Amino acid sequence: MDLLFPGLKGARSTRTLRQTIDVINTHSVLSQKFQGDFDEVIEKFNHFLADDLTKWNGNVADVYYALGLDNFHLSKVALIPVAELFKLYGEVISSVERNNNRNSREVEKLLEVMDLLMVLILRLKVSNTYILQSLMLKSQLIYWEDIRNSTRNKLLYTVQTSPLRIWNWLKVVYSHVVPHVNNFGTGIRNCQLHDLSTDVYQVGSILAEEFHKVVHTTKPIVSKFELSNWSNWGHYLKELITLPIAIVDLELTSKVDRLNGNIKNNCQILNDYFIHDASSHTSNGSESLLKLLSTETNTTETGFGPNSKYDILSSSPIVAMFNGYLSLIGTIDSQSTPPPSWLTRHWPVVLVALFWGPSTITSAYQNRYYILEWITKNIVDSVYGFITNWVVTPIKQMVGILQNDTNDMISILSKETLASDLDSLERMFIDYLHDQGEAVNINEVHQMVKNGDMTLIMSDYEQNIRSPLRSMVKGTLVRSLLIQLQKTKVDGALAISGIDKLIKSQQLVFGVVSIAPSMLIIYQVWNWLRNSESRKLIFVNGKQLNLVVVKCLNNIENCIYEGNDGELFVEVMNLVLLDNGQPNHYIPKLLQLDWITDLTGLTTTDKYPTKQDKLLLMNKIWNVYGGYLR
């Protein structure tokens, strides 16, 4: 459940009835049985088409094309309204009775084929009704179980339904209190204080009695507390505080038990009358269908009895089946336990919107420019700065590195610094030797400076420090020290140049490291956006879809162990519809056909006749598709 959208989504499937019936009549073991039975009956029915105009006044062709027998599909027949079916059946039977001898052999064959066709269609509609109702009840069961299994959901449900509960309780109390209230008014007018106090006492007693009735029904232990003992007051208050949750819990348990009972009953009917009934288009099939519908037959309400315009059909068992089917629809609908109405589930949000919505909208409109400025400064500019400084710029630098662009290379030393320092040292070396009157070989000096050989300067320096004052006055000592200082500067530049070369050799690595955090952030955001539409975030009636599928698979395995083919069939159809009913399939499209084939294989006895074979198939399903459900 959601605080902004309280109350889970509607328990009915988002698929239309036509699409659901199409899936049921395409991917089920019953559809294969019905298809074979219809093929046999249609083949018999085609025999009467040749002589339709001469013998049957075109009524056979009307039925043939109205039911789509020329291009037969189970879903089309299943969606034909029962009133239209009865009309077609009645017109054919009435025409035959009026224009032909009922005792003729050919007429008997036509009537027999028409009866078989109607029985098959009604069996198809009844089976679809039970399957659809079971699937709807399972969807509702997800809703109520999700509320019951969460304290937070129960609290929210309590808030949603509290106005209606209080209103219903007050109506019950009012029906008991209103006589005493009338007496109370009469006593005030007649100044009968004794009767007045008696009425007030009785009203209070009724309120207390109704309250204790609710408490005793929900928490019987509370009525056993002896309040004369002060130690019981704490427990008493605690039980009273949790009373609303206890009332809701009792209601939810009752709804869940009722849904489970109805689902079990529907599955048992599917198991006994359809899955294991091999006589669907024989007289035994008619008898079994009539037996199933007989308890619901009510000809006076449906119009398919003696009062209908087809009086000749009043004694036909087919009419009893039509009436039973219509009554069955009403009985099936009464099994439903739908969620509360939209207003009941959303009144807190509606109330908040009515109280604070107009003022909030007005304030937002008046401050729209400030809001827009805040969004621009804190969101738009931040995103733009991140993309520009941490994504675009590092990528440009990496491209420049790959293209050997010197403007984009990392450097800690100017390009000509070392060369100028070496040239300066060399000139200082030559000038010093020349001033000392020594012969100077420029090439030799150049090689000595390049190799860092300062022997000539150091020998003069050693002589000068023997007489430091005289050397200082002459300036030779200071000059030699300055040359050595320049040499130290050159050595530093050489060291920095080495580091600079090392950095340049690894600058691609540094570029990757600099762009890695931004790429990681973008990747995580992309995954989050993609996963928001993935199968793990698909919900059905507020519950995570993969959890619903895993629970269905677990129920299927239990049904195989217990040999409950009816419930197994419903669980398989529920799984098929769950996958077909979602915009994002939890099973990849490439595997969907295999998934449906394996699921429907659990309900067939051709490839997997024994329990052990079905358990092996179930193990295969877990191994192949289990990874997509985690």
Side-chain angles (χ1 to χ4, degrees), residues 17-18 21 25 34 37-38 41-42 44-102 106-129 132 280-281 285-286 289-290 292-294 296-333:
L17 177 64
R18 184 181 299 274
I21 289 180
N25 291 319
F34 277 118
D37 295 339
F38 271 106
V41 175
I42 291 172
K44 295 178 181 179
F45 198 78
N46 289 338
H47 172 72
F48 299 96
L49 281 176
D51 300 327
D52 181 40
L53 293 176
T54 58
K55 292 185 178 181
W56 318 116
N57 298 323
N59 290 296
V60 173
D62 291 342
V63 174
Y64 186 82
Y65 292 108
L67 298 181
L69 301 185
D70 54 330
N71 185 19
F72 181 75
H73 196 280
L74 288 175
S75 298
K76 293 181 181 178
V77 176
L79 290 170
I80 296 176
V82 67
E84 184 177 340
L85 284 175
F86 181 76
K87 179 182 177 182
L88 291 171
Y89 178 72
E91 288 178 351
V92 171
I93 300 302
S94 298
S95 176
V96 169
E97 291 288 344
R98 288 193 303 268
N99 302 311
N100 297 278
N101 182 5
R102 185 179 178 88
E106 196 165 6
V107 171
E108 289 182 359
K109 287 183 178 181
L110 175 60
L111 295 178
E112 180 183 352
V113 172
M114 280 297 300
D115 287 349
L116 289 177
L117 186 60
M118 291 298 114
V119 169
L120 266 180
I121 295 175
L122 283 174
R123 284 180 63 86
L124 177 64
K125 294 178 77 68
V126 170
S127 67
N128 283 343
T129 300
L132 284 170
S280 57
H281 64 287
S286 304
L289 181 61
L290 188 59
L292 174 61
L293 300 176
S294 60
E296 307 298 335
T297 302
N298 188 346
T299 59
T300 60
E301 296 181 0
T302 59
F304 292 159
N307 296 326
S308 66
K309 67 177 182 178
Y310 304 111
D311 294 334
I312 196 171
L313 302 177
S314 59
S315 60
S316 172
I318 302 296
V319 177
M321 295 181 192
F322 275 111
N323 291 329
Y325 173 74
L326 292 181
S327 299
L328 175 67
I329 298 300
T331 304
I332 285 290
D333 289 340

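Source: prediction; values computed, not measured. If you read the sequence from its start, that first residue is 1, and numbering goes on from there.
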Requested in this report: Could you walk me through whether Y89 and L117 pass side-chain contact (heavy atoms from CB on, under 4.5 Å), step by step?
Outcome: CA-CA 10 Å; Y89 178 72; L117 186 60; over 6 Å; no
Report task. With side-chain contact (heavy atoms from CB on, under 4.5 Å) as the test, would you mind laying out the steps for L120 and L116 before giving the verdict? Result -> CA-CA 6 Å; L120 266 180; L116 289 177; 5.9 Å; no
Query raised in the report: V82 and I329: side-chain contact (heavy atoms from CB on, under 4.5 Å), yes or no, with the steps?
Result: CA-CA 11 Å; V82 67; I329 298 300; over 6 Å; no
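Minimum interatomic distance between K44 and V113 (heavy atoms only, all atoms of both residues): CB-CG2, 4.0 Å. Counting all heavy atoms, side chain and backbone alike, L85 lies closest to K125 at CD1-CD, 3.9 Å.
Here the straight-line distance linking atom CG of L124 with atom CZ of F34 works out to 5.0 Å at 0.5 Å rounding. With rounding to the nearest 0.5 angstrom, the CG atom of L67 is 8.0 Å from the CD atom of E84. Atom CE of M321 is separated from atom CD1 of I121 by 12.5 Å, given to the nearest 0.5 angstrom.
Looking at residues two or more places apart in sequence or on another chain, you find a side-chain contact (heavy atoms from CB on, under 4.5 Å) between S75 and I21, D22, N25, H73.
You'll find the side chain of R123 stays beyond 4.5 Å of the side chain of D37, heavy atoms only.
Ring orientation note: the planes of F38 and F72 are tilted relative to one another, at an angle of 30° to 60°.
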